Amino acid sequence: MMHRTLLTVICVLFAGFVAIESGAQNIPIPEEWDTYFVWFLVANPEYQPASQDEERALTSAHIQYQLRLQETNQSIVGGGLGKGPDESIVGITILRADSLSKAQAIAGADPAVRAGRFVSWVREWWVPAGRLP
């Protein structure tokens with residue numbers, strides 16, 4: 001019985017997908033785009049951890065910095081990443097800035113980046129205008 005129900009659900013989903021694909025209309029390409037910056041935090045393989053208390057303090061300072069960026073509207077959101085194919089990337093933040101160099105300066109001021117725990121890189125990200133807060 002469960003297999004038949006599962007098969008029915010799969011068929012309904014597939015039929016809906018085919019219907020959407022076959023009747024799809026072109027979506028107009030936006031004329032205006034907003035620029036944000038995606039900041040990737042990458043684990044530094046050369047980083048030598050300090051004492052447990054110092055590492056705890058550095059983690060706290062890093063999180064406080066990230067929260068402050070959100071509080072001051074310099075970022076939309078940021079957070080850590082779970083396990084994945086590239087485990088060196090440990091976090092992502094979506095920044096608001098006037099230029100790539102300003103976004104890079106924001107990223108470089110993170111206490112954990114300054115301490116060498118993380119390496120950061122920032123990329124421009126274009127999103128259809130008005131899609132993000």
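Worth saying up front: this structure is predicted, and the values here are computed from it rather than measured.
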Novice: Does any non-hydrogen side-chain atom of Arg96 lie less than 4.5 Å from one of Asn73?
Specialist: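 Yes. Closest side-chain heavy atoms under 4.5 Å.
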Novice: Report yes if the side chains of Leu95 and Lys102 come closer than 4.5 Å at any heavy-atom pair, otherwise no.
Specialist: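 No. Closest side-chain heavy atoms not under 4.5 Å.
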Novice: Give me the atom names and distance for the closest heavy-atom approach of Ala43 to Pro45.
Specialist: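 Taking every non-hydrogen atom into account, O-CD, 3.2 Å.
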Novice: Are Trp121 and Val38 linked, directly or through other ILVMFWY residues, by side chains that come within less than 4.5 angstrom of each other?
Specialist: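 Looking at the clustering, Val38 is in the same group as Trp121.
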Novice: First locate atom CD1 of Ile94, then atom CH2 of Trp125, and finally report the distance between them rounded to the nearest 0.5 Å.
Specialist: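 That separation rounds to 4.5 Å.
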Novice: State the CG-CG distance between Leu58 and Asp53, to the nearest 0.5 angstrom.
Specialist: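 Separation between the atoms: 12.5 Å.
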Novice: Hey, does Trp126 have a side-chain heavy atom less than 4.5 Å from the side chain of Thr35?
Specialist: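 SC-SC contact between Thr35 and Trp126 confirmed.
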Novice: Report yes if some heavy atom in the side chain of Phe40 is under 4.5 Å from a heavy atom in the side chain of Arg123; otherwise report no.
Specialist: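 Yes, their side chains come closer than 4.5 Å.
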Novice: Which atom names give the shortest non-hydrogen contact between Trp39 and Ser120, and what distance separates them?
Specialist: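 Shortest heavy-atom separation between Trp39 and Ser120 comes out as NE1-CB, 3.0 Å.
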Novice: With rounding to the nearest 0.5 angstrom, report the OG to CG distance, Ser60 to Leu67.
Specialist: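 It comes to 9.5 Å.
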Novice: Minimum heavy-atom separation for Ala50 to Glu54, with atom names?
Specialist: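 Smallest heavy-atom distance, with atoms named: CB-OE1, 2.9 Å.
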Novice: Measure across Tyr65 and Ala109 and return the closest heavy-atom pair with its distance rounded to 0.1 Å.
Specialist: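 Nearest heavy atoms, Tyr65 then Ala109: OH-CB, 3.4 Å.
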Novice: Do Ile106 and Leu69 have side chains that approach each other closer than 4.5 Å (heavy atoms only, starting at C-beta)?
Specialist: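 Ile106 vs Leu69: side chains touch.
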Novice: Between Phe118 and Val77, is there shared hydrophobic-cluster membership here, with clusters defined by ILVMFWY side-chain heavy atoms closer than 4.5 Å?
Specialist: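 In one cluster: no.
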Novice: Could you tell me the separation between the CZ atom of Arg131 and the OH atom of Tyr36, rounded to the nearest 0.5 Å?
Specialist: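 Between Arg131 CZ and Tyr36 OH, I get 11.5 Å after rounding to 0.5 Å.
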Novice: Tell me yes or no: between the side chains of Thr93 and Gln66, is some donor less than 3.5 Å from an acceptor?
Specialist: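 Yes, Gln66 and Thr93 have a side-chain donor paired with an acceptor closer than 3.5 Å.
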Novice: So Val113 and Val119, do their side chains get closer than 4.5 Å, heavy atoms only?
Specialist: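 Not in contact.
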Novice: Kindly compute the distance separating CD (Gln64) from CD (Glu71), expressed to the nearest 0.5 Å.
Specialist: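 Result: 10.5 Å between the selected atoms.
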Novice: Step by step, work out the side-chain contact (heavy atoms from CB on, under 4.5 Å) result for Leu41 and Ile92.
Specialist: CA-CA 6 Å; Leu41 283 170; Ile92 296 176; over 6 Å; no
